[in-house]
Each structure stands twice: as C-alpha cells, then as structure tokens.
Amino acid sequence: MIIYTNTGNPFGLKLLICANLAKTNVEVKHVTLSDAALGDMKHLPILQLNSGVQLFSTDVAAKHLLPGEDSSKVVQRDEWLEWSSKRLAPALTHNMAVGSRADPNTKPILNTLVKMLDDCLSSSTFLTGDKISSADVAVWSLLAPDGTLKGAVNIDNLLRWYRQISDLPEVQSALTVLPLKELSFASLQHSNRFGGLHHIVLNPEIADFEGELLADASANIAETVQREEIEAARTAFADVDDRAVRDEPRIVLPKPGQKNNLITSALPYVNNVPHLGNIVGCVLSADIFARYSRLCGYNTLYIGGTDEYGTATETKALAENLTPRQICDKYFDIHNSIYRWFGIGFDYFGRTTTAEQTRIVQEIFKELYARGYIETRSVEQLLCQKCDRFLADRFVEGTCPHPGCGYEDARGDQCDGCGKLVNAIELLRPRCKICNTSPVIRDSNQFFLDLPKIEPALCEWVERSEPGWTHNARVITRAWLKEGLKSRCITRDLKWGIPVPLEGYENKVFYVWFDAPIGYISITSRYCKEWKQWWQPETPKTGVKVDLYQFMAKDNVPFHSVMFPASLLAANKGYTLVSHVMATEYLNYEDGKFSKSRGIGVFGNDAQETGIPADVWRFYLAATRPEGQDSSFSWSDLQARNNNELLKNLGNFINRALVFCEKFFDSTIPVMTLTEEDYTLLALINRELKGYVQQMEKARMRDGIRHLMQISRYGNQLMQSEEPWVKVKGTDDQKARAGTVVGLCCNFACLLATLLFPFMPTTARNIYSQLNVRGGFINSEKPLLRTLLPTGYRIGKPAVLFTKIEDARIEELKQKYGGQQQEKDRSPAPAPAKGFTSLKDAQKAVDEQAAKVRKIKSSGADRTVWQPEVNILLELKKQLQTLSQPRTSESAPTVPVAGVKATPKQSPPKADVPASTDSADPTAVKALEEEIVQQGNKVRKLKESSSDKSVWQPEVSVLLALKQKLASLTGAPVAAPAAGGGKKKGNKK
C-alpha cells in the first residue's frame with residue numbers, strides 16, 4: 001500500500017501511525033496535487049490499496065488500516081473520527097491561520113473542543129476505553145503540530161493522554177518518516193482544490209464553554225513561518241526583476257501553448273442608465289479580471305457592448321417619442337460614456353444592431369434549422385387590427401385576470417397590482433398600448449429551439465465545465481436541468497429585431513435571448529477579421545485552447561449556461577463554450593433597492609457628479625462585490641474604506657516610503673542588507689502574494705483586495721517598529737538599517753502598485769510614475785517577491801494618493817441620493833375633481849387620467865411615481881360609476897316637497913345649509929338653473945323615446961343631483977317634479 005501525501009500534512013501522519021499500529025507495511029510518497037499518480041483525485045493524503053483502489057477519506061482509510069478494534073466501541077470510535085475531521089480540524093486550521101486568514105473568533109470554539117477532550121479523558125485512558133483506537137490517532141495527529149496547544153492550562157488529562165501516545169514506538173517510528181517539525185496546518189492549503197479547510201464555516205454555537213483552557217498567548221506571526229518559506233523568499237529576492245513591460249499588440253489573438261482568456265460582460269439593455277449594481281455585476285468585475293489576466297501575461301481579449309433589439313427597446317422608444325434606432329444611439333452613448341469614466345478597459349465595446357450580428361445570428365439559426373433542432377408551433381397571440389401587428393407582452397394592457405385583483409392596467413407579462421405573472425391572452429378587456437383599441441386573439445406560428453433534443457449533450461458538457469463556475473451559477477443551472485428542459489420560443493412578432501431568414505416568416509424577428517448572447521461573437525468580429533481564432537479555434541488542429549470567462553448577475557445565468565451553449569452545441573461548428581460562468585448576487589442600496597425614478601441610489605452618471613474619483617468607486621465596489629450573497633452599498637462604508645483602508649493604510653504607507661527615500665536618500669534606493677527577520681517578513685508577504693493570485697485566478701476579488709491590503713499592513717508595521725526617520729539620524733549601523741527598511745518599503749510599494757492595478761488603474765499608474773517605473777508583472781506560477789527596485793535606482797517625485805471624505809460631504813450625498821430631495825421637489829399629485837355634473841365630463845376626466853397613467857408607466861417609472869396617479873384614476877372611475885348607477889328610493893337624495901310633511905325616510909335640511917341667498921353668487925345660481933332646465937328637457941325626451949328605465953334613470957340621477965346642488969347653494973327647498981313629468985297611473989276601482 002502507498003500513502004500519497006504532501007509535506008507537513010498531519011492527516012498523512014494519521015494514516016502512517018495507523019499502519020504502524022496494525023503492523024502493516026506502507027510506502028510514503030511525497031507528492032503535489034498536480035502529480036500524475038493522483039489522476040483525478042485532487043485531494044491529499046490518499047491511501048492506495050494493493051488492488052489499486054484509492055481511498056481519499058482519511059477516516060475510511062484509518063478504519064481500513066486499523067480494523068481490529070473492539071466491535072462494542074465502533075460507534076463511539078466513528079463519532080470521534082467524524083468529530084476530529086468535521087470540528088477539531090477546521091477549528092485548528094482557523095486558529096492557526098496567519099495574516100488575512102486569521103480568525104479571532106475561533107478561540108472560544110477551540111476552548112470548548114479541548115474541554116470536551118479533557119472531560120472524556122478524565123474517565124478513560126483513551127477516547128473509546130482502555131485501548132488505543134484510530135480515533136485517538138486522528139485527534140493526536142491534529143494536536144501534534146507545534147503551537148496547537150500553546151498556552152494551554154488545566155488540561156492535565158489531555159496532556160497525559162498526549163504524552164502517552166507520543167511515547168509509543170509506532171508513533172516515534174512514524175515521526176522519523178514524517179518529522180514533527182514539518183507538520184503544519186499551512187500545508188493543508190496544498191492538500192485539496194479548496195485551499196485547505198478554510199472553506200468550512202465554524203459553528204459558533206459549539207462555543208458553550210466560558211472558561212479559557214487555551215490562553216491568548218499566540219506566538220508572533222513570524223514563528224509560524226517555515227524554513228522552506230524563508231529560503232524561497234531569500235532566493236527570490238536575490239533576483240532583480242528587470243523584465244521589460246510588454247506592450248499590448250494592437251490586435252490580440254490566441255496562441256497555441258499559451259493561456260488565452262476570452263472575457264465578456266453581460267450586454268445591458270439600452271433602455272436605462274446602469275446603476276452601481278449593474279456596473280459591479282458585469283462590466284467592472286470583468287474589467288478587473290481582464291487587467292489581472294494581462295498582468296499575468298495571458299493573451300486576453302475583453303469584449304463588451306449593448307443589447308439593442310427587443311420589446312424593451314420598442315417600449316422605451318414609444319415612451320420617449322423616439323424611433324428604436326434613436327433610442328439605441330442615445331443609450332449606447334450614455335453607457336459608453338459611463339463605462340469610460342469608470343475606467344472600463346474593453347478591447348472593443350460594440351452593439352448588437354449591426355450587419356455582422358444579423359449575418360451570424362441568421363447563420364446559426366439556419367444551421368440549427370438544417371440539423372433538425374428547430375420546430376414550429378402555433379401560439380395564440382393578441383393582434384391589433386388597427387396597428388396591423390401582433391402585440392408582444394409589453395405592448396398590451398388590460399384588467400388583471402387573477403381573482404380578487406381586478407387591476408385595470410396590468411401588462412401582458414405581469415400585473416403590477418398583485419405582482420403575479422400574466423399571460424397576455426388572459427387579460428380582461430385588453431387594449432393595445434399604441435392605439436388603445438381592443439385586440440383580437442389570433443394564432444401565430446413561431447419557431448422553438450428543441451432543447452430536449454440537445455439536453456443529453458448539454459448535460460454532459462455542464463458536468464465537464466461547471467467546476468470553473470461560481471456556486472450560484474452551478475445551483476441555478478442544475479435546477480433548470482433537474483426540472484427537465486422544454487422547447488423555448490426563439491421568435492417574436494415584432495418590428496425591431498433581426499428578421500427570420502425563411503420565406504414566409506419575414507415579418508418575424510428573433511427573440512432577444514436567442515439573439516443577444518450571439519452578440520459576443522458578432523462584436524468580436526467587429527474587433528478583428530480573425531475573430532474565428534477566438535470563437536472557432538479548431539483546437540485539435542491548431543493547438544489553440546481558449547478559456548471563456550463570462551461575467552453577469554445571477555438572473556442572467558440560465559441564458560449563458562443553458563440557452564447559449566445549447567445553441568452552439570447544436571450548431572456543431574466548434575464554437576468556444578463558456579468555461580467560467582462568473583455570476584454575482586445582487587447589490588442593494590442602503591438595504592433597499594436602486595430606483596432611478598425615485599432618486600434613490602447611485603447610478604453611473606451620478607457617480608461622476610459626486611466628486612469622488614472613479615478609482616475609489618472601483619475599489620469600494622470590488623471590496624463589497626456580492627460574491628456569495630447579496631450585499632449593500634453604504635455611504636458610511638464607502639467613507640470608511642476610503643479614509644481608513646486607502647488613506648490611512650495604503651496611501652500613508654506608500655507616501656511615507658517614497659518621501660523618506662526622497663528626503664533621506666536623495667530619491668535613490670539605498671543599500672539593502674537584510675536580516676533573518678526581514679526574510680521572514682518577505683516569506684509572510686509571499687504568502688499574501690500567493691493568496692492574492694489564488695483568489696484572483698478564481699475572480700474572487702474581495703479576497704484579492706484582502707491579501708493586498710495585508711501586504712500594506714505588513715509594510716506599515718515594519719515602518720512603525722523600525723522608525724527609519726529616527727535611525728537615519730543615529731549611528732552608521734542605524735543609518736544602514738534605516739536604508740534597508742526604506743528600500744524594502746519602496747519595493748513593497750512597487751509590488752502593491754501592481755496588485756492594485758486591476759482595481760485602481762489610475763492610482764496604480766500614479767504610483768508607478770512616482771516610482772519612475774513603466775509597469776509591473778505577476779508571475780502566477782511562482783508568486784514570489786523579487787527585487788523590483790534595486791540599490792541605486794532613482795525614484796520620481798512622491799505625491800499624496802488619496803484625500804479624506806468628510807462627514808458633511810457624506811451627509812450631503814445621503815440626502816441627495818436617498819430619495820428625499822426628489823420627494824420635496826415633487827409637487828403633490830392633483831386631487832381628483834369632484835361634483836361632476838354630467839357623465840360626459842366624468843368620462844372625459846377618466847380617459848385623460850388613464851392616458852396619463854399609461855404614459856408614466858410606459859416610461860419605466862417606479863411604482864411609487866405612478867401609484868398616486870392610479871389612485872386618482874380609481875377615484876374618478878368610482879365617481880363615474882356613481883353617476884351611472886340607477887338609484888333606488890333609498891339611495892337617491894330625498895328632497896322635501898312643498899306642503900307635504902316629511903316622512904321618516906326623508907332627510908331634513910342639513911344645519912349647515914345657508915338659510916338665505918345673501919352669500920350665493922347670482923351668476924352661479926343662474927348658470928345652475930339653466931343647466932337644470934337643460935337636464936330636465938333631456939330626461940323628458942329620453943322617457944318619451946324609451947320606456948326602459950336603465951336608459952333614462954342615470955340622467956334622472958344627474959338631474960336630482962343638480963337640484964340638490966342648487967338647494968345647497970340657495971338654501972331653498974328643491975321643487976317637486978312636475979305633475980306631467982311622467983305618465984299617471986289610474987286608480988283601480
């Protein structure tokens with residue numbers, strides 16, 4: 001049997017001790033994860049049996065090696081094995097971590113676990129009884145690395161047990177093969193693809209022991225550095241990195257045998273202004289990764305653009321009274337200018353309304369059609385006969401069909417009243433949004449992509465590709481596949497879009513989510529004529545392998561992980577498929593949502609007006625990037641990160657290093673004579689540099705920032721502890737030490753400029769200029785700090801990098817973008833008119849208000865903007881309904897008749913009705929009397945022409961209301977209806 005393990009791995013020691021106790025001969029081989037012997041098992045250690053079977057679970061392997069244990073203790077043994085792997089190992093890993101990985105909250109949890117061990121061993125010799133088991137070996141191996149029980153008190157039982165196992169000859173024999181001094185939890189970072197056990201989240205509820213068995217006597221961080229790390233740091237820093245900065249070629253093309261990264265960001269619709277969440281979710285994240293990729297020397301092409309076809313564009317054009325082309329041109333320029341201000345470095349920023357897009361989309365469709373992946377189905381749609389067009393979802397409105405709602409302005413895809421989804425043909429009383437006429441239902445033939453037919457090939461591809469995707473992308477895609485794919489419609493009856501290239505279907509266009517992702521290909525074809533080298537590389541023939549990274553928010557995942565790849569797989573033309581779906585969660589604004597219409601949140605154009613540099617916005621958005629869960633933009637957090645992390649930490653360190661070099665050493669890097677402590681510090685910086693590379697390779701930008709900021713903290717600590725400004729005035733030895741410290745710090749500053757470049761390119765260039773260097777590099781294969789600024793190198797002129805953001809300014813910005821200002825400036829919505837005297841006036845008011853509501857909603861305004869207008873509309877409709885309804889004797893106004901005593905049903909005159917006409921306006925009274933006469937004549941004519949009460953009763957109600965109004969105005973009783981006003985009924989005799 002063979003134990004494959006990496007150097008210093010305590011789990012490897014666990015297996016070897018178990019083998020020794022079982023008197024089983026095993027061979028120990030030190031390997032790395034890339035070793036061919038591991039095959040697909042990217043996990044260490046591994047126990048390979050004589051049969052060739054490989055066991056990667058060390059608990060399973062330990063039980064296999066040491067099977068002869070008391071059967072009555074098996075359950076207890078298994079519980080302790082699981083406890084050691086799932087609880088103790090992660091807790092020790094977090095507790096022993098250094099630098100940015102250090103977790104100060106681990107100590108209470110570890111105290112509780114140690115207490116459990118000591119309590120168990122107080123009543124038995126070993127964990128499961130009187131005999132040693134694999135459980136004891138598992139726990140002992142984890143406690144063996146130096147420093148795990150540092151400062152421990154009141155654990156006599158545990159120490160007795162530990163020493164007893166240490167003295168066993170089988171353990172001593174194992175330690176000659178795997179020396180105790182080499183054991184380190186840092187080795188676990190190289191034992192699996194997850195970088196150790198840091199991905200395991202500790203359960204704080206475990207920490208139920210309030211005592212302190214492990215005193216807070218943690219060693220200086222330098223004590224955790226291994227000798228190998230120090231020697232690697234010494235060797236690397238002895239080399240001067242004098243590579244010339246590579247100038248990017250005018251046209252970037254992939255090359256065989258090299259890393260070729262094709263990067264895209266989701267194409268935004270051209271019907272809005274992007275907010276910060278939109279920006280960080282796709283274009284900024286992709287830009288940061290592209291800049292990092294170029295620093296590593298990878299052939300990198302970053303493609304972006306705008307998505308310009310579809311219903312959203314037509315709707316926006318209608319709202320702004322522009323043509324779709326004018327809308328596209330307008331918002332393309334808006335997006336382009338915003339991204340330029342943010343420093344987004346596209347290699348090409350294009351659009352989907354091009355001849356190339358039309359050609360490639362139609363070619364892919366024809367290929368799918370020819371290969372039998374397109375089917376035709378009849379779909380019921382609403383047809384506006386006046387406009388002579390089928391109405392897409394957002395071109396039709398009507399009454400919500402869901403029971404209990406009845407909202408009268410529901411869209412063809414969703415009701416804003418109840419929030420439920422709606423099928424356009426189910427709308428009650430539907431109306432065309434363009435001409436306001438009622439459409440009719442007609443059948444329309446549409447094309448569908450046969451996803452079930454593609455599904456087997458797609459599932460196989462997803463299985464191979466998803467390890468490079470973000471967690472949310474994998475979850476979303478698996479959910480789609482688990483439900484089973486259904487054929488999806490890829491055409492629409494619209495005017496604005498790419499026409500279907502088949503005879504008889506010229507009036508149909510492609511659905512935006514079939515057309516839009518192909519935009520990545522067509523935009524690349526606009527970038528260079530050799531575009532197929534990126535999108536159809538013919539890898540077996542050319543040796544060119546392209547890795548496609550696509551950045552987006554999570555709502556776009558299915559179209560990039562299912563729909564787009566399915567189309568390309570079915571076309572079978574060797575298209576490059578996405579290897580890395582990089583999806584973010586959502587960025588909220590101060591725990592709420594961004595809303596342009598309400599003035600809430602910062603949008604792309606707003607950021608420019610704040611006076612805060614674009615680089616600060618980039619840094620903040622990357623630091624708060626919603627990678628694992630939703631995050632929130634906060635003005636206070638932005639201020640804190642600028643003032644504390646950038647100004648006080650990073651900016652202060654770099655400025656002091658360069659100023660001291662200028663002031664004390666004539667702007668020349670002094671002689672650097674490094675001590676062992678300096679090399680230890682370099683080893684710690686190399687840890688952070690390696691962590692930075694590991695995280696950035698996975699586009700984990702928040703962690704990347706965390707590592708680079710830790711390097712800055714190390715520099716600040718060196719500066720503070722050595723005080724070169726004091727030593728430079730002392731003895732010759734002190735002056736020499738000051739020179740070493742300043743020289744090191746200037747080299748750290750140069751490294752930080754390079755690591756900062758993907759996040760803050762303008763600031764990094766500023767630092768480069770102050771250091772008098774052209775740029776930097778990242779060696780992703782061997783991330784070790786080399787001498788960047790050798791002795792004698794002259795730097796440039798230092799300058800301040802960042803400025804403080806004051807509290808008063810933050811308060812101003814909170815007020816400006818919190819929605820309150822807009823609420824103050826917005827004039828109150830007009831109250832609905834009351835007291836209509838005719839159905840005609842009431843109907844006119846309803847029509848005008850309804851038109852107003854439709855116009856506001858079609859503009860994309862927030863619900864809080866149009867809801868007050870909807871309320872007014874509903875009130876007006878209520879008044880119209882009141883005027884239109886026939887009144888019963890109970891509901892109609894009762895009026896006293898002269899000479900007749902009022903009955904209980906008749907209401908006496910109200911006390912607040914004036915008793916005389918002294919205050920009445922004679923002109924108003926006369927006009928009202930004339931209106932009553934006209935309405936009376938109208939009522940008589942209706943009664944004479946029709947005996948149907950439903951025809952004339954509404955007008956009678958209007959007449960009575962006018963008379964009541966006159967009575968209120970003059971104080972005089974309402975006159976009784978004329979005797980001849982209706983037909984008399986004879987008395988029966």
Item to check | CG-CG distance between L13 and N20, expressed to the nearest 0.5 angstrom | outcome: 9.5 Å
Item to check | Pairwise side-chain contact, M582 with F289, heavy-atom cut-off 4.5 Å (strictly under) | outcome: no
Checklist entry - Charged N to carboxylate O under 4.0 angstrom, E676 versus R227? => result yes
Next on the checklist: Run the ring-ring contact (aromatic ring centres under 6.0 Å, His included) test against W83 and tell me which residues pass, sequence neighbours left out.
Outcome noted: W80
Item to check | Student check: side-chain heavy atoms of V578 and S561 closer than 4.5 Å | outcome: no
Checklist outcome for this item: Those residues at least two apart in sequence (or on a different chain) that pass salt bridge (charged side-chain N to carboxylate O under 4.0 Å, His left out) with K545 are D547
Checklist entry - So, S712 side chain and L708 main chain: donor-acceptor pair closer than 3.5 Å or not? => result no
Item to check | Donor-acceptor contact present, side-chain W140 to main-chain Y162, <3.5 Å | outcome: yes
Checklist outcome for this item: Nearest heavy-atom approach of L458 to P565 is CD1-CB, 4.1 Å
Checklist entry - Would you say L49 and H64 make side-chain contact, with heavy atoms under 4.5 Å? => result yes
Checklist entry - Does T624 offer a backbone N or O that forms a donor-acceptor pair with the side chain of S631 under 3.5 Å? => result yes
Item to check | Counterpart residues, salt bridge (charged side-chain N to carboxylate O under 4.0 Å, His left out), relative to R464 (two or more places apart) | outcome: E460
Next on the checklist: Any carboxylate oxygen within less than 4.0 angstrom of a Lys/Arg side-chain nitrogen, looking at K115 and D119?
Outcome noted: yes
Checklist outcome for this item: Across all chains, not counting sequence neighbours, the side chain to side chain donor-acceptor pair (under 3.5 Å) partners of E585 are N472, K554
Checklist entry - Which value, rounded to the nearest 0.5 Å, describes the distance between R478 atom CZ and W469 atom CH2? => result 9.5 Å
Checklist entry - For residues T675 and D678, is any side-chain donor paired with an opposing acceptor at under 3.5 Å? => result yes
Next on the checklist: Let me confirm one number: the CG-CD1 distance from L684 to I711, rounded to the nearest 0.5 Å.
Outcome noted: 10.5 Å
Item to check | Set of side chain to side chain donor-acceptor pair (under 3.5 Å) partners for R625, sequence neighbours left out | outcome: S285, E627
Checklist entry - Under the side-chain contact (heavy atoms from CB on, under 4.5 Å) criterion, do T470 and V557 qualify, and how do the steps go? => result CA-CA 10 Å; T470 55; V557 165; over 6 Å; no
Checklist entry - Excluding sequence neighbours, so at least two apart, what forms ring-ring contact (aromatic ring centres under 6.0 Å, His included) with H580? => result Y549
Item to check | Listed once per pair and sorted, the salt bridge (Lys or Arg N to Asp or Glu O under 4.0 Å) pairs that draw on residues 46-56, sequence neighbours left out | outcome: none
Checklist entry - Quick check: does any side chain N or O of S721 sit under 3.5 Å from a backbone N or O of L718, one acting as donor and the other as acceptor? => result yes
Checklist entry - Mind checking whether E228 and T7 have side chains closer than 4.5 Å, heavy atoms only? => result no
Next on the checklist: For the CD1 atom of I3 and the CG atom of L65, what is their distance to the nearest 0.5 Å?
Outcome noted: 6.5 Å
Checklist entry - Excluding sequence neighbours, so at least two apart, what forms side chain to side chain donor-acceptor pair (under 3.5 Å) with K782? => result none
Checklist entry - Does the pair L55 and I46 meet the rule for a side-chain contact (heavy atoms from CB on, under 4.5 Å), with working shown? => result CA-CA 6 Å; L55 305 179; I46 285 176; 6.0 Å; no
Next on the checklist: I'd like to check the salt bridge (charged side-chain N to carboxylate O under 4.0 Å, His left out) partners of E27; sequence neighbours left out, ordered by chain and number.
Outcome noted: none
Next on the checklist: Using the rule given for side-chain contact (heavy atoms from CB on, under 4.5 Å), can you reason through I132 versus Q164, listing the C-alpha separation, both sets of side-chain angles and the distance that settles it, and then say yes or no?
Outcome noted: CA-CA 10 Å; I132 191 171; Q164 188 172 354; over 6 Å; no
Item to check | Donor-acceptor contact below 3.5 Å, side chain R786 vs main chain F237 | outcome: no
Checklist entry - Any sub-3.5 Å donor-acceptor pair from T235's side-chain atoms to A232's backbone N or O? => result no
Next on the checklist: Tell me whether N686 contacts the main-chain N or O of L785 through its side chain, where contact means a donor paired with an acceptor under 3.5 Å.
Outcome noted: yes
Item to check | Flag side-chain contact, heavy atom, 4.5 Å: W161 against L117 | outcome: no
Checklist outcome for this item: Output for pair (T584 OG1, D630 CG), nearest 0.5 Å, gives 9.0 Å
Checklist entry - Residues in ring-ring contact (aromatic ring centres under 6.0 Å, His included) with F559, at least two apart? => result W513
Item to check | Residue pair K63, R77: steps toward the side-chain contact (heavy atoms from CB on, under 4.5 Å) verdict | outcome: CA-CA 9 Å; K63 288 186 286 186; R77 176 205 65 184; 3.0 Å; yes
Next on the checklist: Looking at K259, I want to see if its NZ is surrounded by more than 12 non-hydrogen atoms of other residues, nucleotides or ligands under 6.0 Å.
Outcome noted: yes
Checklist entry - How far apart are the closest heavy atoms of P558 and I476, and which atoms are they? => result CG-CG2, 3.8 Å
Next on the checklist: Show the nearest heavy-atom pair for residues Q76 and L127, with the distance to one decimal.
Outcome noted: NE2-O, 3.3 Å
Next on the checklist: Test your reading of the model: is there a side-chain donor-acceptor pair from S465 to the backbone of V462, 3.5 Å cut-off?
Outcome noted: no
Checklist outcome for this item: Rounding to 0.5 Å, atoms CG (L44) and NE2 (H30) come to a distance of 10.5 Å
Next on the checklist: Is it the case that the side chain of S141 and the backbone of V137 share a donor-acceptor pair, with hydrogens and angles ignored and the cut-off at 3.5 Å?
Outcome noted: yes
Next on the checklist: Testing the basics here: between L66 and S134, what is the closest heavy-atom pair and its distance to 0.1 Å?
Outcome noted: CD2-N, 3.8 Å
Checklist entry - What residues, two or more places apart in sequence or in another chain, satisfy side chain to side chain donor-acceptor pair (under 3.5 Å) together with N716? => result N649
Item to check | Pairs flagged by salt bridge (Lys or Arg N to Asp or Glu O under 4.0 Å) wherever residues 163-178 is involved - sequence neighbours left out | outcome: K23-E170
Checklist outcome for this item: Heavy-atom closest pair (I705 atom, A622 atom, distance to 0.1 Å) is CD1-CB, 3.7 Å
Next on the checklist: Quick one, V475 and H471 - any side-chain contact, counting heavy atoms below 4.5 Å?
Outcome noted: yes
Checklist entry - Do you know which two heavy atoms are closest between A233 and L682, and how far apart they sit? => result CB-CB, 3.8 Å
Checklist entry - Any side-chain heavy atom of L15 sitting closer than 4.5 Å to one from T5? => result no
Checklist entry - Does Q550 reach the main-chain N or O of I263 with its side chain, forming a donor-acceptor pair under 3.5 Å? => result no
Checklist entry - Less than 4.5 Å apart, any side-chain heavy atom of I685 and any of Q710? => result no
